[in-house]
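Below you'll find the structure, written out as structure tokens, and then a few comments.
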Amino acid sequence: MNDSEKKQYLIESFQKFGHSLSEKQVVQFLTYEKLLEEWNQKINLTAITDYENVVWKHFIDSVSVCQSTYVSRETWGGKLIDVGTGAGFPGIPLKILFPHLSITLLDALQKRLNFLEEVVSTCGLQNVELVHGRAEDVAHNEHYREKYDLCVSRAVANMAVLCEYCLPFIHRGGHFIAYKAGDAIPEIRTGEKSAAIFGGEIKSIESFTINGSDLARVLVDIRKVRNTPKKYPRKAGVPSKKPIQ
Ligand code: SAM
């Protein structure tokens, strides 16, 4: 596809999904895709490389929250953290679509953050903080602990582990939205106990097919109802080795 075909495909795909992109958003997504393609040749960012799949499985999947009830709520907005963002999913597409969000992108791999630094500056994204570290360590830093309205995470760990990584970042009344695959319901259920230990409560599980595609997505909404006990998360590596479930 040449540049103008790519632009057309992007606009039409978002329209099928149910969203009209502004000219600025189109330029930002095209710039992001170009950088992803370039950097993916130097460092391992994603196994998804053909343009159509990047648009649907990365960009549109990342903003699939638009199809859920979450974004229509008053609680959608403010400060958001993406835990285990990798090449910026779902954090960067969310920031492009919802520029008012203030976002933190957290990942344990510095190389991926170097890529994201270039994406943020080339796309002209404001109010984006990049944090290098493991969630288990960063969550004990006062600057980040229980400071977020929203947390999102995709393809990072199973539900029990994710709750330990993510819930400590959210203040009471905030929400954690976990991006899960279609067959994840039993796994999500095993995370229920874990959510309660870290101060959360599963509010809803929404399963749907992404508009304009046959891609399945499950979004789990966990509300923070109590502060996370200070001893959590446990030391780096422990949550994934010994999940609480
Ligand atoms: N969320 C992105 C996506 O959906 O494309 C990336 C998924 S990738 C499979 C998992 C990412 O989580 C990797 O970039 C990895 O470095 C990061 N990660 C895994 N465990 C982590 C932890 N404990 N703290 C911070 N980042 C972590």
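Whatever order the structure lists ligands and atoms in, that order sets their numbers, starting from 1. Predicted, not measured: the structure shown is a model, and the values here were computed from it.
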ask   = Would Tyr179 and Phe89 count as a side-chain contact (heavy atoms from CB on, under 4.5 Å) if you check the C-alpha gap in whole Å, the side-chain angles of each, and the deciding distance to 0.1 Å?
value = CA-CA 10 Å; Tyr179 285 56; Phe89 305 114; over 6 Å; no

ask   = Applying a heavy-atom distance cut-off of 4.0 Å, which protein residues contact ligand 1?
value = Gly84, Thr85, Gly86, Phe89, Asp107, Ala108, Leu109, Arg112, Gly133, Arg134, Ala135, Glu136, Arg154, Ala155, Val156, Tyr165

Glu136 and Lys241 ion-paired at < 4.0 Å = no

inquiry  = Checking Glu118 against Asn114: is there a side-chain donor and acceptor pair closer than 3.5 Å?
reply    = no

message = Under the salt bridge (charged side-chain N to carboxylate O under 4.0 Å, His left out) test against Glu146, which residue among Arg172, Lys224, Lys230 passes?
response = Lys224

ask   = Do the charged groups of Arg145 and Glu142 touch, with an N to O distance under 4.0 Å?
value = no

message = Would you say Thr104 and Tyr148 are linked by a side-chain donor-acceptor pair, where the criterion is simply a distance under 3.5 Å?
response = yes

